[in-house]
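Encoded as C-alpha cells, the structure appears first; notes follow it.
Just so it is clear, the values below take in all heavy atoms, side chains as well, and ignore hydrogens, waters and symmetry mates. Everything numeric in this text was worked out from a predicted model, so none of it was measured.
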Protein chains: 2
Amino acid sequence: MNPKPDELHLNAWRLFITAHATLIDTIDRELIAADCIPLHWYDVLVELVEAPAHRLRLYELADKVVLSRSGLTRLVDKLENAGLLKREPNPEDRRGYYAVLTEAGYAALRKAWPIYAAGIQNSFAVHLSDDEAEVFSRVLRKILKSRQTEE
Amino acid sequence: MNPKPDELHLNAWRLFITAHATLIDTIDRELIAADCIPLHWYDVLVELVEAPAHRLRLYELADKVVLSRSGLTRLVDKLENAGLLKREPNPEDRRGYYAVLTEAGYAALRKAWPIYAAGIQNSFAVHLSDDEAEVFSRVLRKILKSRQTEE
DNA sequence: CATCAATAGTTGTATATGCAACTATATTTG
DNA sequence: CAAATATAGTTGCATATACAACTATTGATG
C-alpha cells in the first residue's frame, strides 16, 4: 500500500479540512444569531431524539458525538442545567446514567431545526447534486466503517 | 429555493461532521505519537511553505487556516517560541507583521510529512477512487467559493 | 467467593480559542 | 490637512475540551 496520497487526494483532504471549518463556523453563527442552541448542543440532543425512548447511556452519547468522556460530562452538565435533558440512574448498572431528552430539549430542537436546516441547505446541500451527495455519503460511510473495525 | 435539505443531503451532512471529527482526532494522535508537531501547526506552516518567499501577513494566515485573529496571535506566539517561524515587521505597513518560516519550521514539516501523509492515505485517501476524489474536491471547492463571494 | 482487572462517570488541571476592548497605524472625507 | 473611520495585531476574560487521576461499581479468574 502506497504510504502517500497523490495530489488529487491530498487536495481533497485539504479542502475537507477548510470547508468543514468554514461551514461549522457559519452555521453555528446563524444558530446563535437566531437565539437557538449551538450546533454541538443540537448534535447531542438529536442523538437522543433518535434513540429508543429518547435516552442513551452517557458513553454511547460520547461516542456518537465524538467527544471525550470528560468533555461529555461537562456538556451534559450544561444541557441538564439548561433543562434540555436529565440524567437518570440506570437500575441495571449502577455505575452509569442515561441522558434523557426533556420536553424543553425537544422544544429547543424544534426551534433550532428551521435555522439549522436552512444553513445546511444554503451553505452545503445546494452545492451537491443527488449523485454527488450519494458519492459523498458513500465515501464518508466507508471511512467511518473502517475506523470502527480498526479500533 | 427549498429551505430544507432532503434525507440524502442531510445524511451527507451528518457523515461530514462525524467523519471529520474522527479523522482529525486519529491523525493528530498519530502525529503526536510520532513526536511531531500537531496537525494545526502543520497546517499553518504548510501555508507558509507555499507562500511567496515563505511569508504571509498574519491576517492572511488567519484566513487560510480559518482561525480568529486572536487565536492566530496565540498560535503564532507558540510557533515563534518553538522557533518554527518568526514575525517580521512590514516596512510597507507598520501596523502589521509577516510570519516567516524558519529553517527549523521547514525541518518540522519535513519530519511530520511522512506520518501525516501515511495518516491521510490510510484513514482517508484509500477510501476514495480517483473519480470519487474528483467529485469530493469539486463539491468542496464549490462550497468554499460560494462562501467567499457571499461575505 | 476473594481478589484483580475492567468499565462508567466525574473532577483537577492544562491548553485552545473566541469575543470585546485596546493600541498603533493607515485611509478616507469634509 | 484635521478629524473620523477602518484595519492589524494583541490582550483580558470566558468557555470548551482533553488527559490523568480518582470513586464506584461490575465482571473475570484462580
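- B:N90 comes within 4.0 angstrom of nothing in the nucleic acid, heavy atoms only.
- Summarising the geometry, the separation between CG on A:D25 and P on C:dG18 is reported as 8 Å, rounded to the nearest angstrom.
- Nucleic acid contact for B:L67: sugar-phosphate only, since backbone atoms but no base atoms lie under 4.0 Å from a heavy atom of the residue.
- Distance check, rounded to the nearest 0.5 Å: OG of B:S137 to CG of A:L8 gives 5.5 Å.
- Which of C:dT17, D:dA18, C:dA8 sits closest to the side chain of B:H40 comes down to C:dT17.
- The side chain of A:R69 lies closest to C:dG9 when the candidates are D:dG9, C:dA16, C:dG9.
- Ring centers of B:F136 and B:F124: under 6.0 Å apart, within the cut-off.
- When the nucleotides D:dA20, D:dG9, C:dG18 are ranked by their closest atom to the side chain of B:Y59, D:dG9 comes out on top.
- Hydrophobic clustering (side-chain heavy atoms under 4.5 Å, transitive across Ile, Leu, Val, Met, Phe, Trp, Tyr) groups A:L144 together with A:L67.
- Look at CZ on A:R95: it is 8 Å from C1' on C:dA6, rounded to the nearest Å.
- At whole-Å resolution of the value, OH in B:Y98 and P in D:dA8 are 12 Å apart.
- Look at CD1 on A:I24: it is 16 Å from C1' on C:dT17, rounded to the nearest Å.
- One atom, CG of A:L79, and another, P of D:dA16, lie 10 Å apart when rounded to the nearest Å.
- Residue whose closest nucleotide on DNA chain C sits further toward the 5' end, between A:R29 and A:V76: A:V76.
- Nucleic acid contact class of A:D93 (heavy atoms, under 4.0 Å, all strands): sugar-phosphate only.
- Protein atom CG of A:L39 is 13 Å distant from nucleotide atom P of D:dA16, rounded to whole Å.
- Using a 4.0 Å heavy-atom distance criterion, A:R57 is classed as a sugar-phosphate-only contact.
- For A:R74, the side-chain atoms get nearest to D:dA18 when compared with the rest of C:dA16, C:dG18, D:dA18.
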